Participant: 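Just dropping this structure here.
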Amino acid sequence: MDLTVADTIREIIRGHIAENDGVVLGQCLSAVGWIQNTIPAQTEGLIELPMTDVAGAGMAVGMAVAGRRPIFVIRYQSFLWLNSSPIVNYAAKCKEIWGYSCPVFVRAIADEGNGLGPVHSNCYHSIFMHMPGLPVCAPMTPGEYRQIWDWYMTHDDPLFVSEHRRCFRSAEELPDIVSDRSVFTIYAASAARFTAREAVRMLAEQGIVCDLVNVLWLKPFELSERTLAPLRRTGKGLMLDSAYEVAGAARSIAYELMDATGARVRALGMADRSPGASRHLENGTPTPERIAAAVKEMLT
Amino acid sequence: MMSRDLRRPDLGAIPGLAATWPEARTLELFRRLCEIRHFDLRVRRGQIEKDVDTLIYLSVGQESVAAGVSMAMRGSWLLGQHRGHSFYLAFDGRREPLVDELLGLPTGCCGGMGGSPPIHDIERRIVGHIGLIGDQVPVAAGIAMARPGERVVSVFGDGAAEEDYVLATLGMAASRKLPILFVCEDNDLSVLTPTRDRREWLLADVARGFGIEAVDIADDPWLVAHWAETLSDRLPAVMNVRTCRGLWHVGTGSDDNADWDRFALVRETLAELGLADKAAAIESETEKGVEELWTSRLRTRSAK
Ligand SMILES: Cc1ncc(C[n+]2csc(CCOP(=O)(O)OP(=O)(O)O)c2C)c(N)n1
Ligand SMILES: [Mg+2]
C-alpha cells in the first residue's frame with residue numbers, strides 16, 4: 001500500500017533519529033496516537049516537553065544551534081502564538097546577526113472545524129512569512145514532504161513547515177492541472193489544495209475549464225515558468241489558502257503573481273472573523289462552492 | 001518517585017474533619033458536588049445523543065475540588081480552565097446560558113462560539129478561558145491588580161502548572177501580595193501524559209520557594225473547603241489538589257482506571273455521619289433538577 005503523508009513523516013523521523021542523531025521535541029508526543037501516527041512509537045530520540053509553551057521553542061532552538069537538527073512539533077498552530085519568539089527572533093535571525101546557523105525544523109500542524117473553536121481551529125502560517133530568515137512551506141503530499149525534508153537537510157536554515165491534518169491520511173500526489181483550454185488559473189496552498197480540486201471539477205462540469213497550480217513554497221514563492229505561464233495565458237487568477245485572507249499568504253502571493261505578470265489575481269482565505277465551535281459558526285479553508293463562486297464572479 | 005507517593009486519597013487528611021461540620025453545611029457541600037456530577041453526566045449523554053456536538057471537557061471524578069473551594073470563595077472572581085463546568089456551577093454561574101452554549105445556541109454564554117472551554121458569566125465575575133492552557137493565570141493577576149481588595153480564584157491543571165507564564169504569575173503574586181487563591185486540579189495528566197513523564201518538581205515546593213503558602217492535599221471536599229477557608233485570609237496561596245479524572249481528556253469515553261472514586265468515598269463518609277438518606281434525597285433532587293433544565297433548553301432549541 002502507498003505511504004500516506006503521516007506514514008512518510010513518521011518514516012523520515014525514524015530515519016533522522018537512527019541515522020543523523022536527530023531529535024524530536026514536543027508535548028504529549030507519545031500519548032494519544034503519537035501525533036496522528038506521525039511520530040515513531042519509540043522513546044529513543046524523543047524529548048517529551050513539559051507544558052512549556054514559551055520555553056519549549058527556545059530549547060528546540062538551542063539544540064539546533066548545537067547541531068542536532070531538531071524537529072519541533074506543534075500539535076495545533078494556535079500554540080505558536082506562545083512559541084513564536086524563539087523561532088522568529090532567534091532561529092530566523094541567527095545567520096544574519098552572528099553568522100552561525102540554527103536549522104530547526106518546525107512541524108506546525110493546522111486543523112479546522114470539529115468543534116475546535118475560536119483559537120485552535122485555524123492556520124497561522126502567514127505571520128511567519130512576515131519575518132525574514134524563515135522559509136515557509138506547506139507540503140500536502142508524501143512526495144512533497146520528502147522534497148521539503150531534502151531541502152532542509154541540504155540547507156542550514158530553519159524551516160517552517162505548515163502541515164494540515166486534512167492531508168495526513170492521504171497518499172495522493174496532487175499534480176498541477178494545466179490545459180490549453182483553460183480560461184482561468186487557480187493557485188492553491190495548504191488544505192485549499194483539496195477544496196480547489198473539487199472546485200475545478202465542479203466548474204468543469206459547468207463548462208468552465210480552470211488550471212490548478214500547486215503552491216508548496218509560500219516563502220519564497222516560486223516565480224517560474226510552471227507558476228507563471230498558465231496565468232499569462234488565461235490573464236485571470238485566484239490564490240487560495242487555509243489561513244486568514246487579510247494580510248495573509250493568499251493576498252501576498254496574489255500580489256507577487258500580479259506583479260510578475262500584470263494579470264488580475266484575487267485572493268481567498270478565511271473570512272475576517274474568529275471561527276466558532278458550533279457548526280454554523282465555523283470559518284476555515286474556502287469551500288469548493290465559495291471558490292467556484294469567486295471564479296465565476298471574476299469571469300463575468 | 002516522590003510525586004507518585006503523594007497520589008493517594010488521604011493525602012493531607014485531617015481525621016474527623018467532616019464530623020465537625022454542621023449538618024446543613026455538609027449537605028450544601030454535597031448538593032454542589034452532586035449538581036456538578038449530574039450536570040457533566042448530562043452533558044456526556046447530550047454528546048452521545050448528538051445534541052452536543054462541540055468539544056466537551058468533563059469534570060466527572062473531579063467534582064469535589066470545585067465544590068470544596070466554592071464553600072469558602074463563592075463571590076470571588078473566578079478564572080477557570082477548559083475543564084470548567086464544575087467551577088462555573090459551583091461559583092453559581094447562570095445555568096441556562098451554559099446549557100445553551102453547549103447546545104450551540106445564540107443564547108449561549110458565548111453565542112455558540114466556544115463550546116466548553118470559554119464559558120463565562122461576567123456579571124457573576126466568572127471570566128472566560130480562551131483555550132490556551134494556563135493563560136488565564138496571568139489574567140487573574142491582572143484582575144487582582146486592577147481591583148485591590150477583591151479576591152480572585154485562579155484554577156488550572158497540573159499540566160498548566162508547567163507553563164512559563166503560570167510560574168511567572170506565582171512570582172508576581174508573591175512579590176505584590178496579590179489576593180489570589182491558586183487552585184491546581186492535579187489529575188496527574190496532561191491529555192494522556194502522566195506527570196512523571198513531564199517533570200520531577202512539585203508545585204507546592206515551587207510556590208513555597210516564591211514565599212507563597214501552599215498545601216498539597218487530596219480532593220476530600222471537606223478538606224478542600226477547610227483549606228480554601230483557612231488560606232482565604234492569607235492570600236496569595238496555592239492549593240495543589242490531587243484528584244482523578246473519571247473520563248477521557250475530551251469527550252465522553254472512559255478508561256475506568258481512576259486511582260480512587262471520590263464520589264463513592266464521600267457517600268461513605270455521609271453514611272458514617274448518619275446522613276445517608278438525606279444524601280440520597282439530594283442526589284435524586286439534583287439529578288432531576290439538571291434533567292428539567294436540559295429538557296427545557298432542548299425544547300427551546302427545537303422550537304427555534
Ligand atoms: C498553550 C497550550 N498548549 C497546549 C495545549 C493542548 N492541551 C489542551 S488541554 C492540555 C492538557 C492540560 O492539562 P492540565 O492543565 O493538567 O488540565 P486537565 O486537562 O488535566 O484538566 C493540553 C496539553 C493547549 N490547549 N494550550
Ligand atoms: Mg491535568
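So you know, we letter chains A, B, ... as the sequences are listed, proteins then strands, and number each from 1. Worth knowing before you read on, the calculation uses all heavy atoms, side chains too, and leaves out hydrogens, waters and symmetry mates. Just so it is clear, the structure is predicted and the values come from calculations on it, not from any experiment.
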Participant: Distance from A:S278 atom OG to B:L105 atom CG, nearest 0.5 Å?
Facilitator: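 The OG atom of A:S278 sits 8.0 Å away from the CG atom of B:L105.
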Participant: Are the side chains of A:H120 and B:L132 in touch, meaning some heavy atoms are under 4.5 Å apart?
Facilitator: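 Answer yes - side chains close enough.
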Participant: Are there more than 12 heavy atoms of other residues, nucleotides or ligands under 6.0 Å from atom CH2 of A:W34?
Facilitator: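 Yes, enclosed.
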Participant: A:E48 and B:D197: which non-hydrogen atoms are nearest, and at how many Å?
Facilitator: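 Looking at all heavy atoms of both residues, the shortest contact is CG-O, 3.7 Å.
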Participant: For atom CZ of A:R273, decide whether the heavy atoms of other residues, nucleotides or ligands shown that lie under 6.0 angstrom number more than 12.
Facilitator: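 Enclosed.
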Participant: So which part of A:S121 gets closer than 4.5 Å to some heavy atom of chain B, the side chain, the backbone, both or neither?
Facilitator: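 No part of it gets close to chain B.
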Participant: Look at B:G159, B:P117, B:C110, B:G115 and state which one has the largest set of heavy-atom pairs under 4.5 Å with chain A.
Facilitator: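 It is B:G159.
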Participant: Which pair of non-hydrogen atoms, one from A:C28 and one from B:S190, has the smallest distance, and what is that distance?
Facilitator: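 Minimum heavy-atom contact is SG-O, 3.6 Å.
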Participant: Heavy-atom count check: over 12 atoms from other residues, nucleotides or ligands less than 6.0 Å from B:R208 CZ?
Facilitator: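 Check passes, neighbour count above 12.
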Participant: Could you check if a side-chain atom of B:I133 sits within less than 4.5 angstrom of a side-chain atom of A:F79, using non-hydrogen atoms only?
Facilitator: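 No. Closest side-chain heavy atoms not under 4.5 Å.
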Participant: What part of A:L116 is in contact with chain B, defined as an atom under 4.5 angstrom from a non-hydrogen atom: side chain, backbone, both or neither?
Facilitator: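 Both parts, backbone and side chain.
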Participant: Using non-hydrogen atoms only, which part of B:A161 is less than 4.5 Å away from chain A: side chain, backbone, both, or neither?
Facilitator: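 Answer is neither: B:A161 stays 4.5 Å or more from chain A.
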Participant: Answer yes or no: does atom CG of A:D272 have more than 12 heavy-atom neighbours from other residues, nucleotides or ligands under 6.0 Å?
Facilitator: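 Not buried by this count: 12 neighbours or fewer within 6.0 Å.
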Participant: Looking at A:N114, A:L49, A:D53, which has the largest count of heavy-atom pairs under 4.5 Å with chain B?
Facilitator: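 Ranked by contacts with chain B, first place is A:D53.
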Participant: Can you establish whether the number of heavy atoms outside B:E123 located under 6.0 Å from its atom CD is more than 12?
Facilitator: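 It does not: B:E123 CD has 12 such atoms or fewer within range.
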Participant: Of all of A:L82, A:L29, A:T52, which one pairs up most often with chain B through heavy atoms under 4.5 Å apart?
Facilitator: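 Top count of heavy-atom pairs under 4.5 Å with chain B: A:T52.
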Participant: Where is the tightest heavy-atom contact between B:E162 and A:M51, given as atom of each residue plus distance?
Facilitator: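 So the minimum-distance heavy-atom pair works out to OE1-N, 2.8 Å.
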Participant: Would you say CZ of B:R94 has more than 12 non-hydrogen atoms from neighbouring residues, nucleotides or ligands within 6.0 angstrom?
Facilitator: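 Check passes, neighbour count above 12.
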